[in-house]
Amino acid sequence: MNPAFSELSLAEPLARAVAELGFSSMTPIQAQAIPVVLQGRDVMGAAQTGTGKTAAFSLPLLQRLLKHASSSTSPARHPVRALVLLPTRELAVQVAQQIELYAKYTELRSTVVFGGMDMKPQTAELKRGVEVLVATPGRLLDHIEAKNCVLNQVEYVVLDEADRMLDIGFLPDLQRILSYLPKQRTTLLFSATFSTEIKRLASSYLQDPVTIEVARSNATAATIEQRFYRVEENDKIQALKQVLRERTIGQAFVFVNSKLGCARLARSLEHDGLNSTALHGDKSQDERLKALDSFKKGEVQLLVCTDVAARGLDIKDVPAVFNFDLPFNAEDYVHRIGRTGRAGASGLSFSFVCGRDTKSLAELEKLLGKKVEVEPLELESDRRRFGGDPGRINDGQRLWHDPRGSAEARALRPPPRAARPAADPFFEQPYQPKLAPEAKPEWEQQSAKAGAGTRSVSPFIRTKRKVAALFKAATPVAAGAECERQPDPEPVA
DNA sequence: AAAAAAT
């Protein structure tokens, strides 16, 4: 049994908040990290998903801010003393909310800044003065450069999801932010996954760090049952619906690798009457927050999402995670399935493996350090075709449906393309064969010789286009004016 | 083969 929070001799306002939140005994990462952070040491902390890393750094951090008065000589009453950086906006919101709860009975102020929202309210909060600032990198840089906040008094920096913060996409922004901070400070890095390369890189940002590793890093929570199904790319939607029905899954995250795929899947599921919503980076921030909120409240059953939701999001009692696509990075798999099985609860994960996932699967096996058993998944439509029992009823729902749809639906469907009249005669024109290579005009052969990236367009057409562009910019086209159709550009070789 | 983070 781990020690209780009450043994920590936290300052009264913190202890009160902790008691009110019903925290009793610490998790392993909390038991190990909190005393070390209380000593003011740099920390690299690794622990499985859903084991309370946020509290593991927030509580001792707040305790230290309370115990050690600001060394500030600045006239500002509330200089930023602690900075917490996160890789997604939703995660920034979540961590800020948690910190606010812990700091509820203290005088310490905190706020969160992130992109996609109006700068003004954030600026007002910053100007009011905060000791703890939670942020995503891009927007924080905006605020720094607009002089909305001054970070030269920062005593503590936390990189949550540290391996992501240190990866190539974030590193330039991160380095710029760190360049605004005092060299003399405490740095805390936390994540469920640390590759050996990232560990090495990370240690260059730490001074005499204490490494805390609860279980092996990259380990998945033992309470999550992981299944892998061999599914054809085109059968994935059907497979998803089938598993949802057969296992009577309640809420679930459904991870898709691309934003477009995510939007499409969500639309398809909604069309089929499944209660789902999409969360990805092409949505407005309002929509993103709304989608997450409705999932949190349980109004939505399926959160169809990209890796924007892979890390850190703490939503209680989500029973299952689907990897509709197997992630490219094995680390992301660990984070994705970590959305379930949180705080010791049990969880289920289903991953669809198709032909092109061989490489991702091998990466995953390497990271998990074990062979992954991929089971075949018998689809109901096949069962029916091969003489199964198509008439079974489950919760009033048929277990299979005719892939061609109902008779009514078929009648409504447009006839095949060939039977339709041409929508636009232009597209029905006979195919024009391209010039044989030896017949190519001299200019084209030259531009091909000139090297890759040169578009095969004659100098004549190029000039003509420039003039046309200038002309278009200068003269509005009169209504009904006749325009000569410009030839299409040659396809790039 | 992607996503995320600034507009």
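Basis for what follows: all heavy atoms, side chains included, without hydrogens, waters or symmetry-related copies. As the structure is a prediction and not an experimental result, all values here were calculated from the model. In what follows, chains are A, B, ... by sequence order, proteins preceding strands, each numbered from 1.
Contact annotation: A:T88 does not reach the phosphate of B:dA3 (side-chain N/O to OP1 or OP2, under 4.0 Å). A:R89 has a side-chain polar atom (N or O) that falls below the 4.0 Å cut-off from OP1 or OP2 of B:dA5.
For A:I168 and B:dA2, the CD1 to P distance is 18 Å, given to the nearest whole Å. Atom CG in A:L91 sits about 13 Å away from atom C1' in B:dA5, given to the nearest Å. Atom pair A:L140:CG and B:dT7:P shows a separation of 13 Å (rounding to whole Å applied). Per the geometry, CG belonging to A:D167 stands 12 Å off C1' belonging to B:dA2, to the nearest Å. As a whole-Å value, the separation of A:F170 CZ from B:dA6 C1' is 11 Å. Between the NZ atom of A:K259 and the C1' atom of B:dA1 there is a distance of 15 Å, rounded to whole Å. Protein atom CD of A:E331 is 19 Å distant from nucleotide atom P of B:dA2, rounded to whole Å. Computed from coordinates, the A:F255 CZ to B:dA2 P distance equals 18 Å when rounded to whole Å.
When each of A:R164 and A:D173 is assigned the nucleotide of DNA chain B bearing its nearest heavy atom, the one mapping closer to the 5' terminus is A:R164.
Side chains of A:R64 and A:Y156: a donor-acceptor N/O pair is present below 3.5 angstrom, by distance only. A:R185 and A:Q207 share no side-chain donor-acceptor pair at under 3.5 Å. Between the side chains of A:R89 and A:Q285, a donor-acceptor pair is found at a separation under 3.5 Å.
Because its NZ or CZ atom is not both nearer than 6.0 Å to the ring centre of A:F190 and within 45° of the ring axis, A:K53 does not count as a cation-pi partner of that residue.
Of the candidates A:F350, A:F324, A:F295, A:F253 forms a ring pair (Phe, Tyr, Trp, His ring centres under 6.0 Å) with just one, namely A:F295.
Base engagement by A:D142 is indicated by at least one non-hydrogen atom pair under 4.0 Å involving a base atom. Contacts of A:G281 with the nucleic acid, taken as non-hydrogen atoms under 4.0 Å apart, involve only primed sugar atoms and P, OP1 or OP2. Among the atoms of the strands shown, base atoms are found under 4.0 Å from some heavy atom of A:N329. Backbone-only contact: A:R288 has heavy atoms under 4.0 Å from sugar-phosphate atoms and none from a base.
Of the candidates B:dT7, B:dA4, B:dA5, the closest approach to any side-chain atom of A:T306 belongs to B:dA4.
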